[in-house]
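All figures in this text were calculated on a predicted structure; none of them were measured in a lab. Every chain is numbered from 1 and lettered A, B, ... according to where its sequence line falls, protein lines coming before strand lines.
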Amino acid sequence: DVKVTQSSRYLVKRTGEKVFLECVQDMDHENMFWYRQDPGLGLRLIYFSYDVKMKEKGDIPEGYSVSREKKERFSLILESASTNQTSMYLCASRDTSHEQYFGPGTRLTVT
Amino acid sequence: QKEVEQNSGPLSVPEGAIASLNCTYSDRGSQSFFWYRQYSGKSPELIMFIYSNGDKEDGRFTAQLNKASQYVSLLIRDSQPSDSATYLCASYSGNTGKLIFGQGTTLQVKP
């Protein structure tokens with residue numbers, strides 16, 4: 001079974017803090033994704049990566065950056081957390097047949 | 001126009017009935033289609049995928065694809081209260097290399 005893990009299920013941070021969300025997959029997938037999900041807005045793609053050290057902006061990259069130094073790990077960074085970044089963050093990894101698997105999610109609250 | 005459209009619901013069916021969830025997409029270049037189930041507070045779980053026109057069955061689930069009409073559906077037979085969740089439809093676009101998600105349909109199965 002594909003396994004995608006995220007470093008935290010719940011996280012509370014203060015405004016202005018730098019926040020790191022970690023994602024690890026164990027299936028040697030090349031493609032990895034970060035989404036946020038908010039009520040009424042659905043899933044929105046923040047960033048994605050097709051390979052190590054490669055990254056592409058998604059639909060809402062502002063205020064975020066990413067890092068992919070190893071194939072299995074994709075990190076999302078909030079440079080200076082703001083209250084409007086309070087959300088559920090979902091990491092996903094995808095195989096060559098386009099089947100995409102999600103991690104359990106991190107519910108981030110910025111106060 | 002949204003690229004993948006779903007009726008938000010809620011769709012309410014009695015236990016034991018067939019639940020029919022529908023999805024339309026606008027990109028004729030879409031190659032493959034996916035159904036995810038998402039329980040409240042949890043991450044999306046891949047339950048079905050379909051690439052070819054016609055029906056694909058997996059247990060109580062049947063996915064149907066009609067590329068000419070740009071229409072995908074998910075049928076759940078013998079619906080159970082445990083099927084109550086939000087169902088997300090997604091299409092894979094070879095043009096963008098991304099999955100495009102609908103907003104989801106909430107299904108309620110009443111005992």
Side-chain angles (χ1 to χ4, degrees), chain A residues 1-10 21 23-25 27 29-51 54-61 76 87-109, chain B residues 1-10 21 23-27 29-52 56 58 61 63 65 67 72 74 85-106:
Chain A
D1 282 349
V2 175
K3 190 164 186 182
V4 182
T5 57
Q6 294 183 230
S7 50
S8 304
R9 290 301 307 275
Y10 300 94
L21 302 181
C23 175
V24 177
Q25 52 97 0
M27 287 302 291
H29 290 169
E30 292 182 348
N31 304 305
M32 296 186 74
F33 305 82
W34 274 105
Y35 297 84
R36 63 178 285 178
Q37 188 175 34
D38 302 284
L41 297 177
L43 280 165
R44 292 184 290 169
L45 181 63
I46 305 171
Y47 265 97
F48 59 105
S49 170
Y50 287 132
D51 204 348
M54 294 185 68
K55 59 185 179 183
E56 297 281 344
K57 292 180 180 179
D59 301 317
I60 52 163
L76 179 70
S87 186
M88 169 72 96
Y89 288 88
L90 292 160
C91 175
S93 125
R94 193 173 79 205
D95 66 17
T96 53
S97 62
H98 314 144
E99 295 168 39
Q100 185 163 303
Y101 299 91
F102 287 87
T106 295
R107 188 167 293 282
L108 173 68
T109 302
Chain B
Q1 181 186 4
K2 292 181 182 176
E3 296 182 52
V4 176
E5 294 209 42
Q6 298 180 254
N7 188 320
S8 62
L21 303 160
C23 171
T24 58
Y25 61 95
S26 60
D27 180 5
S30 296
Q31 301 172 359
S32 45
F33 304 87
F34 304 86
W35 283 100
Y36 288 83
R37 177 177 62 202
Q38 186 173 24
Y39 293 114
S40 180
K42 302 294 186 183
S43 63
E45 173 193 9
L46 180 63
I47 55 172
M48 288 285 291
F49 54 88
I50 186 166
Y51 305 133
S52 304
K56 179 181 178 183
D58 184 1
F61 298 98
L65 174 60
K67 288 187 178 181
V72 192
L74 179 70
T86 296
Y87 290 80
L88 301 171
C89 172
S91 68
Y92 174 78
S93 169
N95 293 332
T96 64
K98 294 187 280 189
L99 284 190
I100 309 299
F101 287 87
Q103 293 282 332
T105 298
T106 299

Q. Under a 4.5 Å heavy-atom cut-off, does chain A meet the side chain of B:Gln31, its backbone, both or neither?
A. side chain
Q. Do the non-hydrogen side-chain atoms of B:Gln38 and A:Leu43 ever get within less than 4.5 Å of each other?
A. no
Q: Working to the nearest 0.5 Å, report the span between CD of A:Gln37 and CG of B:Leu88.
A: 6.5 Å
Q: Counting only heavy atoms closer than 4.5 Å, note whether A:Leu45 contacts chain B via side chain, backbone, both or neither.
A: side chain
**Q.** Contact summary for B:Tyr36 and A:Gln100, nearest pair of heavy atoms
**A.** OH-O, 2.5 Å
Q) Which atom names give the shortest non-hydrogen contact between B:Lys98 and A:Arg94, and what distance separates them? A) CA-NH1, 3.9 Å
Q: Please round to the nearest 0.5 Å and tell me the distance separating atom CG of A:Asn31 and atom CG of B:Leu99.
A: 10.0 Å
(Q) Run the side chain to side chain donor-acceptor pair (under 3.5 Å) test against A:Glu99 and tell me which residues pass, sequence neighbours left out. (A) A:Ser97, A:Tyr101
Q | Nearest-0.5 Å distance, CZ of residue A:Arg9 to OG of residue B:Ser43 | A | 7.0 Å
Q: Tell me, out of B:Phe34, B:Phe49, B:Tyr92, who's got the most heavy-atom pairs with chain A below 4.5 Å.
A: B:Tyr92
Q.
So for A:Arg44, is it side chain, backbone, both, or neither that comes closer than 4.5 Å to the heavy atoms of chain B?
A. neither
Q. Where do A:Gly40 and B:Gln103 come nearest, in terms of heavy atoms and distance?
A. O-OE1, 3.6 Å
